[in-house]
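Just below is one structure, and these are the notes that go with it.
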Number of protein chains: 4
Amino acid sequence: MTNRSVIKTGSRRPDARPGEILSAALDLFAERGFAATRMEDVARRAGLSKAGVYLYFPDKTALLKALVNEMAGANVAVARGLVEQHQGAVGPLISTLLVFLARQLRDTRFPELIKVVISESRAYPDVGRIYLEGVISQGLPLFEGLICRGVASGEFREVDAGLAVKAMIAPMLLSAIWKTVMEPLGAEPLDIEALAAQHAETFLRGLAP
Amino acid sequence: MTNRSVIKTGSRRPDARPGEILSAALDLFAERGFAATRMEDVARRAGLSKAGVYLYFPDKTALLKALVNEMAGANVAVARGLVEQHQGAVGPLISTLLVFLARQLRDTRFPELIKVVISESRAYPDVGRIYLEGVISQGLPLFEGLICRGVASGEFREVDAGLAVKAMIAPMLLSAIWKTVMEPLGAEPLDIEALAAQHAETFLRGLAP
Amino acid sequence: MTNRSVIKTGSRRPDARPGEILSAALDLFAERGFAATRMEDVARRAGLSKAGVYLYFPDKTALLKALVNEMAGANVAVARGLVEQHQGAVGPLISTLLVFLARQLRDTRFPELIKVVISESRAYPDVGRIYLEGVISQGLPLFEGLICRGVASGEFREVDAGLAVKAMIAPMLLSAIWKTVMEPLGAEPLDIEALAAQHAETFLRGLAP
Amino acid sequence: MTNRSVIKTGSRRPDARPGEILSAALDLFAERGFAATRMEDVARRAGLSKAGVYLYFPDKTALLKALVNEMAGANVAVARGLVEQHQGAVGPLISTLLVFLARQLRDTRFPELIKVVISESRAYPDVGRIYLEGVISQGLPLFEGLICRGVASGEFREVDAGLAVKAMIAPMLLSAIWKTVMEPLGAEPLDIEALAAQHAETFLRGLAP
DNA sequence: CATGAATGAGGTTTCATTCAT
DNA sequence: AATGAATGAAACCTCATTCAT
């Protein structure tokens with residue numbers, strides 16, 4: 001649906017090539033999974049010959065790594081920005097963050113990427129590691145800090161921040177899985193933003209002292 | 001149930017063969033993923049020749065389907081039992097259910113199976129469908145009924161039960177992913193039961209009117 | 001010319017398969033060189049499918065290694081036998097050995113194998129090492145011992161045994177190269193046995209005190 | 001009329017380009033072998049783009065042919081010079097020639113070239129033919145003439161000159177192979193000049209009537 | 001029931017070579 | 001003269017799957 005691949009032009013601007021290839025790759029990884037995507041398909045969808053892809057990426061996994069790097073970095077950066085600029089009670093910020101994430105999940109191919117990472121991480125640990133280091137190790141402490149802040153200020157009751165963060169994030173993960181795994185099987189679509197909103201409400205109420 | 005590979009001899013009881021094969025398969029699927037598991041490996045671990053596996057299962061995916069069927073069914077059945085036997089306030093039951101699930105995730109290879117289903121569902125929709133129909137379509141309404149009961153009785157505030165169920169379950173999914181994807185990459189282990197307990201507390205508080 | 005490959009039967013005796021494959025491989029390596037020989041060609045000439053070869057040899061290089069091992073071992077063993085059984089003056093033994101080698105070069109595919117080893121040793125050092133350890137490191141000391149014996153007994157004048165051995169063997173190497181490299185280009189055939197005989201005569205005369 | 005204006009960048013002397021390329025090529029052929037040397041490597045080492053090489057040489061084999069031509073010609077020319085200027089007994093001349101060759105083998109990349117010719121001759125018969133015609137067909141008769149002279153003058157006993165020449169040259173071939181094949185595998189270095197000297201001595205003694 | 005032997009169908013990757021600029 | 005970009009053709013190797021015994 002959210003297909004942004006470029007099929008048409010022979011790409012006058014060589015600088016655009018890597019991006020075109022990555023876009024094609026993500027399309028296909030999301031559609032068929034990493035293993036089932038042949039380099040030739042990526043190439044053709046990027047308007048290139050099979051060998052051409054190898055001019056820009058040494059490996060099939062390099063495509064995946066680049067995708068994870070790229071998308072992961074962007075999201076964490078935004079979240080970090082929101083957190084650092086924020087002042088006052090953390091509850092509203094948590095709501096904002098969850099809704100922001102929900103929109104990302106709804107509007108980008110972040111869910112597909114998460115799914116691919118989950119799927120391929122064992123076979124290609126590098127991919128998992130990039131995600132772990134680029135997203136998990138960046139994002140969780142960020143949110144953990146928020147919980148701690150809330151606890152310290154008396155806004156939240158005493159909870160284990162590490163666990164709380166996971167409970168806070170979990171519905172976003174579930175949304176990604178639902179969208180990429182269950183919906184293609186015929187499950188009814190999930191309103192991710194609504195889930196995020198209701199979850200934020202419940203979660204914050206649940207943390208109230 | 002949690003049988004971890006039988007190595008010994010030619011297995012006196014022919015009836016045990018399918019189970020041995022499935023056990024071997026789950027071991028390997030969990031360890032290396034579905035795609036990276038060769039039928040020959042399954043066979044060898046089950047103490048059988050490669051061709052022997054085909055006497056019991058027509059297909060590689062048949063192994064996966066059988067595994068999903070088996071384990072999914074079991075868990076849902078227990079949950080259904082708990083729910084149906086229960087009377088009175090639903091809050092404690094939800095706690096009980098979450099902790100039960102947490103223990104299942106901790107003590108069985110349910111997480112691995114979930115991971116495999118997520119990974120292979122696109123390539124083998126049958127597998128996904130079995131899970132969807134055997135677990136999701138069974139479990140979610142079950143829990144949804146609980147939420148509705150709570151709302152109806154005034155125990156919970158007014159919420160969208162469908163969304164609430166997902167928020168309720170999400171940390172369990174996250175736990176499965178964490179255990180099977182992040183921990184092998186070096187992430188610190190997650191205390192699933194503690195997560196479930198704290199989440200239950202927060203979730204129920206959050207639903208209080 | 002001395003083509004011994006087996007094309008016909010489907011090979012009732014499975015034990016014969018490795019040998020058949022090796023024979024086919026040597027035919028082709030000798031004919032086209034190692035790099036230009038495709039596994040599929042080997043397979044077809046051995047009356048097997050491409051994948052079938054991999055049941056017996058893990059690698060293309062494994063074919064080469066096996067060939068070197070096999071043939072090298074045989075020749076050294078014979079030479080060693082001759083040397084160990086011999087008594088008396090070493091001159092006649094050296095003549096015998098050279099003529100024996102000449103006949104091997106003339107009648108077997110030893111020359112082709114030497115040529116392949118020379119050609120592929122850099123790309124596949126294992127192959128070279130097998131030859132070095134199986135032939136060179138076995139054969140040279142054997143012959144060196146002979147020279148030393150002759151020097152000690154006064155049959156030969158004082159010479160550097162290590163160098164003498166190389167001079168003694170060199171025409172055999174040249175013969176192998178001539179046969180496999182020059183003759184296919186149209187060079188006139190070399191009478192290896194005659195070369196060996198004349199060389200033995202000259203060499204022994206040259207070593208006389 | 002003067003020629004077109006000369007483009008400045010790159011090598012100052014356009015005439016030097018082919019030589020630079022050949023030098024780079026020989027370096028790499030010697031180091032990794034012909035097949036394993038990529039045109040891109042040659043280009044880079046010559047300070048050129050991949051396509052640039054094709055401005056000077058139509059083919060990968062053209063590089064090899066040019067190298068063989070160049071080096072072969074040079075050596076034969078020197079040898080021919082020595083032979084033609086010589087008068088008197090041929091024994092000393094043969095010593096001189098062998099030592100000259102030994103030094104060439106020790107100090108130039110002649111050995112590598114011989115090795116490459118041996119290796120690639122089957123796949124690229126042109127290369128072999130150049131060597132056959134430029135070196136073998138020139139050099140052998142030259143030396144054969146010497147032997148014949150010696151026999152005619154009574155300096156040598158009656159021998160088959162064709163065979164004698166091969167025996168005379170063989171240690172030089174062995175040296176080349178030893179240096180390029182065995183030494184990289186860890187075999188102990190060979191003192192080529194010493195081998196040539198001792199061989200000359202033995203060979204000439206062996207030819208004495 | 002069980003297996004050893006065999007295969008067909010692919011997919012990734014590598015390069016020599018070409019061409020528009 | 002020179003090159004960056006692109007490609008087509010190959011070849012190795014892997015496995016799920018089948019079948020005669």
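A note on names: the letters A, B, ... follow the listed sequences, proteins ahead of strands, and every chain is numbered from 1.
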| query | In terms of the nearest nucleotide of DNA chain E, which residue is placed more toward the 5' end: D:K60 or A:A35? | reply | A:A35

| query | Nearest of F:dT17, E:dT13, F:dC13 to any side-chain atom of C:K50? | reply | F:dC13

| message | I need the CD1-P distance between B:I21 and E:dC1, as an integer number of Å. | response | 11 Å

| message | What I'd like to find out is whether the side chain of B:K65 reaches to under 4.5 Å of the side chain of B:D59, using heavy atoms alone. | response | no

| request: Can you figure out which of F:dC15, E:dT12, F:dA2 approaches the side chain of B:R38 most closely? | output: F:dC15

| Between B:Y54 (OH) and E:dG4 (P), how many Å, whole number? | 15 Å

| task | Ignoring backbone atoms, test whether D:Y56 places a side-chain nitrogen or oxygen under 4.0 Å from the OP1 or OP2 oxygen of F:dA1. | result | no

| query | With sugar-phosphate meaning primed atoms plus P, OP1 and OP2, does A:T61 contact a base, only sugar-phosphate, or nothing at under 4.0 Å between heavy atoms? | reply | nothing

| query | Once the angle between the rings of C:Y124 and C:F34 is folded into 0 to 90°, is it parallel (under 30°), tilted (30 to 60°) or perpendicular (over 60°)? | reply | perpendicular

| said: Assuming nearest nucleotide by heavy-atom distance, tell me which of B:P58 and D:S49 is located more 5' along DNA chain F. | reply: D:S49

| task | Would you indicate, yes or no, if E:dA6 has its OP1 or OP2 atom less than 4.0 angstrom from a side-chain nitrogen or oxygen of C:R17? | result | yes

| said: Checking base pairs now: Watson-Crick or wobble, both atom distances under 3.5 Å. What partners E:dC19? | reply: F:dG4

| note | Comparing nearest nucleotides in DNA chain E, the 5'-proximal residue of the pair A:A51, C:A51 is C:A51

| message | So which atom in B:V53 and which in B:I21 form the shortest heavy-atom distance, rounded to 0.1 Å? | response | CG1-CG2, 4.1 Å

| said: Tell me whether D:E31 is salt-bridged to D:R45, with the criterion being a basic N under 4.0 Å from an acidic carboxylate O. | reply: yes

